[in-house]
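None of the values given here were measured: they were computed from a predicted structure. Every chain is numbered from 1 and lettered A, B, ... according to where its sequence line falls, protein lines coming before strand lines.
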Amino acid sequence: MKLSQMYIPTLKEDPANADVVSHKLMLRSGMMRKLGSGIYTFLPLGQRVINKFQAIVKEEMNNSGAQEVLLPALQPAELWSESGRLENYGPELMRLNDRHEREFCLGPTHEEVITDLVRDEVRSYKDLPINLYQIQTKYRDEIRPRFGVLRSREFIMKDAYSFDIDEAGLEESYNDMYDAYERIFDRCGLEYRAVKADTGTIGGDDSHEFMVLADAGEDTVVYCDSCDYAANLELATAKVEAEKADEELEELELVDTPNSSTIAELMSELDLAAEKMIKAVLYENDEQVVLALVRGDYEVNEIKLSNLFDVVNIELAAEDKYEELDTVKGYTGPVNLDDVEVIADELVMKVVNGVTGANQREKHYLNVNPGRDFEVDQVADIRTVKEGETCPECGGTLEQTPGIEVGQVFKLGTKYSEALDATFLDENGKPQPLVMGCYGIGITRTIAAAIEQNHDDYGIKWPTALAPFTVHLLPLGGGDDVENKAQELYQTLNEAGVEVLLDDRNERAGVKFNDADLIGSPIRITIGSRSLSDGELEVKLRQSDEEMNIDADNSIAEIKELIANEIK
RNA sequence: CGGAGCAUGGCUCAGUUUGGCAGAGCACCUGGUUUGGGACCAGGGGGUCGCAGGUUCAAAUCCUGCUGCUCCGACCA
């Protein structure tokens, strides 16, 4: 393409209302514009990147035996009632009514639609396995859209769904997708980790997230420094190393603790370590109120806690629940607290002569001992792990880093097929529920994540696989020689199938260089009157900043070699 | 939903405290000079100051209500 003919409205200044790097650069480089909160228009440059990434995704999906379809974004709410997610998915589901007041929603994901399709079409085990995927615009009514396209309300996603006759088949489908995802993100040159993940509202048994490591990430990846254990912080576990202290059990004692409703205040009031404290937090879900106990130096992990129950959502209990149980917020404890299920973290059980709230304003108990002073209904891992803890698999040390979730694979099992009555006939002619898996990749989010990982102060440094153009031709000086050489290169490279952007604008050098840096093509070739008179072209690689001159007469061969090296 | 902030030409912002002709830079158009890291000179076009009320001789500016957007939190694939 010629820059003079392409609509690439670059911005000299940082846009207001954009804080994260990828958001700024996507606006500044002319990839996209905002229409509303969490809603973006993609311009030619952005669309090219989307196309590049989609092509990679499609290639790897097709190679893994998945087949492309296109499902509707507009879906009858009825279908969502059937799976139970009309309620369960909650307010994030974008809902609307048609003129007859019939209820619809805009799909945030497509388990229901695909299952509906397959239950009508797939009758026999002979039709299985099957894996269908699509690339679709999805909608989520985010509480707070932010960070540009990293968390938007409308976004492009690739989603695939596998259907197998049994768990073994699912295992195979799942592994195929997992491998395909690794190939996809490898090809994009991204630094990422596949981590164990929670299944959230999608549901299912087993799941991995693909996390691009970047500071702007909203998730936290926990990984081991010596083995390949990696998990989302929501799910990460650690080996319990603490042993019970070798102390005499002291007698339970009630003490005054004025203004000590937090662990920090209590530590200074009593001059004791947080490890001695037993933090007690009331939670409730639709069915019950539970008391969660963790050691004072830990936080309750609500995901782990809620996974102990069938009900999806669990949240901090409302104020009135404290009154009902005859306790006081900030001074809650398990001693003499009745009518509530008590769930203690593993580490709480190791506390000897600990401290906990006395269920009276400004009073705590000292020398509290689990089992002696209070009973526990369930011991479980309900704490959020901390950096430096011990790896559950190899005994190494756990580290943490922020990550952007760009893909997730789920083993759904029969959750949707049972809810939607999607069955096939097995070899014995017996109906069996389809065993499903689902696999998503955030297309637009991955692109933003790639920028988060590949940029400098001047602009984007595209990985070659995603770059809207591979070569940026930058003629300078304006003479006929320069003009002719630029045209010749442009034509030859185009004919060779190289994606070239020719900056044929009558702009000053600074403008051209700055736009080239911003747009971030991997290879920049400056055709300047000076070096051209020496028979040379100037090459600069955006990723490495490496500069070199090449022979102008033999340039095509050298450029092709450079491209080959860049792609690797 | 709680807290904070913003809304003035296409973009970035000043002007609001203390009411008195709507501004600057960039971008755009015309002419000229310039041409290797965001040029210069001269001229020009473009704004219902987010919307609706109110106060006032007079409102971008003060008051009330609303809307949109951003950030922090809650929440979230």
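Spacing of P atoms, C28(B) relative to C11(B), comes out at 15 Å, to the nearest Å. Separation of the C1' atoms belonging to U16(B) and A7(B) is 13 Å when rounded to the nearest angstrom. With both ends at atom P, the span from U61(B) to C6(B) equals 15 Å, rounded to whole Å. Here the separation of G47(B) from U12(B), taken at their C1' atoms, is 16 Å to the nearest Å. Straight-line distance between the C1' atoms of C57(B) and C71(B): roughly 42 Å, to the nearest whole Å. Straight-line distance between the P atoms of C1(B) and A39(B): roughly 47 Å, to the nearest whole Å. A distance of about 15 Å separates the P atoms of G45(B) and G25(B), rounded to the whole Å. If you take atom P in U33(B) and the same atom in G10(B), they sit 32 Å apart, rounded to whole Å.
Remark: G43(B) base-pairs with C29(B). Criterion, Watson-Crick or G-U wobble with two distances under 3.5 Å. Taking a pair to require two hydrogen-bonding distances under 3.5 Å in either a Watson-Crick or a G-U wobble arrangement, A77(B) remains unpaired. A24(B) is paired with U12(B) under the criterion used here, namely a Watson-Crick or G-U wobble arrangement in which both key atom distances are under 3.5 Å. Nucleotide U70(B): paired with A4(B) (Watson-Crick or G-U wobble, both distances less than 3.5 Å). Checking A52(B) for Watson-Crick or G-U wobble geometry (two distances, each under 3.5 Å) identifies U64(B) as its partner.
If you check distances only, the side chain of Arg524(A) does reach the base of G37(B) with a donor-acceptor pair under 3.5 Å. With hydrogens and angles ignored, no donor-acceptor pair under 3.5 angstrom links the side chain of Arg146(A) to the base of U70(B). Between the side chain of Arg144(A) and the base of C76(B), no donor-acceptor pair under 3.5 Å is found.
In this structure, the CG atom of Leu476(A) is 18 Å from the P atom of U34(B), given to the nearest Å. C76(B) atom C1' lies 17 Å from atom NZ of Lys138(A), rounded to whole Å. To the nearest angstrom, P of C71(B) lies 7 Å from CZ of Phe147(A). Regarding Ile143(A), its CD1 atom lies at a distance of 13 Å from the P atom of G73(B), rounded to whole Å. Between Tyr7(A) atom OH and A27(B) atom P there is a gap of 16 Å when expressed in whole angstrom units. Summarising the geometry, the separation between CG on Leu537(A) and P on G36(B) is reported as 18 Å, rounded to the nearest angstrom. Look at CG on Asp545(A): it is 17 Å from P on G37(B), rounded to the nearest Å. Going from atom CZ of Arg542(A) over to atom P of G37(B) covers 17 Å, rounded to whole Å.
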Which protein N or O atoms sit under 3.5 Å from an N or O of nucleotides 8-12 of chain B?
unit_1, atom_1, unit_2, atom_2, d
U12(B), OP1, Ala16(A), N, 3.0
U12(B), O2', Glu13(A), OE2, 3.1

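RNA chain B is contacted by both Ala18(A) and Gly442(A); Ala18(A) maps to the nucleotide lying nearer its 5′ end (nearest heavy atom per residue). Of the residues near RNA chain B, Glu218(A) and Ser531(A), the one whose nearest nucleotide (by heavy atom distance) lies more toward the 5' end is Ser531(A).
Asp19(A) comes within 4.0 angstrom of the backbone, heavy atoms only, and of no base. Nucleic acid contact for Arg33(A): none, since no nucleic acid atom lies under 4.0 Å from a heavy atom of the residue. Contact annotation for Leu150(A): base contact, defined as any heavy-atom pair under 4.0 Å involving a base atom.
For Thr262(A), the side-chain hydrogen bond (donor to acceptor under 3.5 Å, both in side chains) partners two or more places apart in sequence, or in a different chain, are Glu265(A). Applying the ring pair (Phe, Tyr, Trp, His ring centres under 6.0 Å) criterion to Trp80(A), with sequence neighbours excluded, gives Tyr89(A). Judged as a side-chain hydrogen bond (donor to acceptor under 3.5 Å, both in side chains), and not counting sequence neighbours, the contacts of Glu299(A) are Lys279(A). Listed by chain and residue number, Arg542(A) satisfy the salt bridge (Lys or Arg N to Asp or Glu O under 4.0 Å) test with Asp456(A) (two or more places apart in sequence, or in another chain). Every residue two or more places apart in sequence or in another chain that forms a salt bridge (Lys or Arg N to Asp or Glu O under 4.0 Å) with Glu82(A) is listed here: Arg119(A).
Minimum atom distance to the side chain of Thr526(A) is reached by G36(B), of the listed G36(B), G37(B), C72(B). Among the nucleotides G38(B), C69(B), C72(B), the one closest to any side-chain atom of Arg153(A) is C69(B). The side chain of Lys34(A) has U70(B) as its nearest neighbour among A77(B), G37(B), U70(B). Across C75(B), G38(B), G36(B), the shortest atom-to-atom separation from the side chain of Glu302(A) is found for C75(B). Distances from the side chain of Lys540(A) to the nucleotides C76(B), G37(B), G36(B) place G37(B) closest.
Look at Lys415(A) and Glu111(A) and you find no salt bridge, because none of the NZ, NE, NH1 or NH2 atoms lies under 4.0 Å from a carboxylate O.
Looking only at atom types and distance, the side chain of Glu418(A) has a donor-acceptor partner in the side chain of Thr414(A) under 3.5 Å away. Asp141(A) and Tyr139(A) form no side-chain donor-acceptor contact under 3.5 Å, judged by distance and modelled atom types alone.
The side chain of Ser37(A) places an N or O atom within less than 4.0 Å of a non-bridging phosphate oxygen (OP1 or OP2) of U70(B). Phosphate proximity of G25(B) to Lys12(A): absent, as no side-chain N or O sits under 4.0 Å from OP1 or OP2. For Arg508(A) and U35(B), the shortest distance from a side-chain N or O to OP1 or OP2 is not below 4.0 Å.
Contact of the Lys411(A) side chain with the Glu171(A) side chain is registered, since non-hydrogen atoms from C-beta on lie closer than 4.5 Å.
With respect to Ser22(A), the side-chain hydrogen bond (donor to acceptor under 3.5 Å, both in side chains) criterion is satisfied by exactly one of His455(A), Gln453(A), Glu452(A): Glu452(A).
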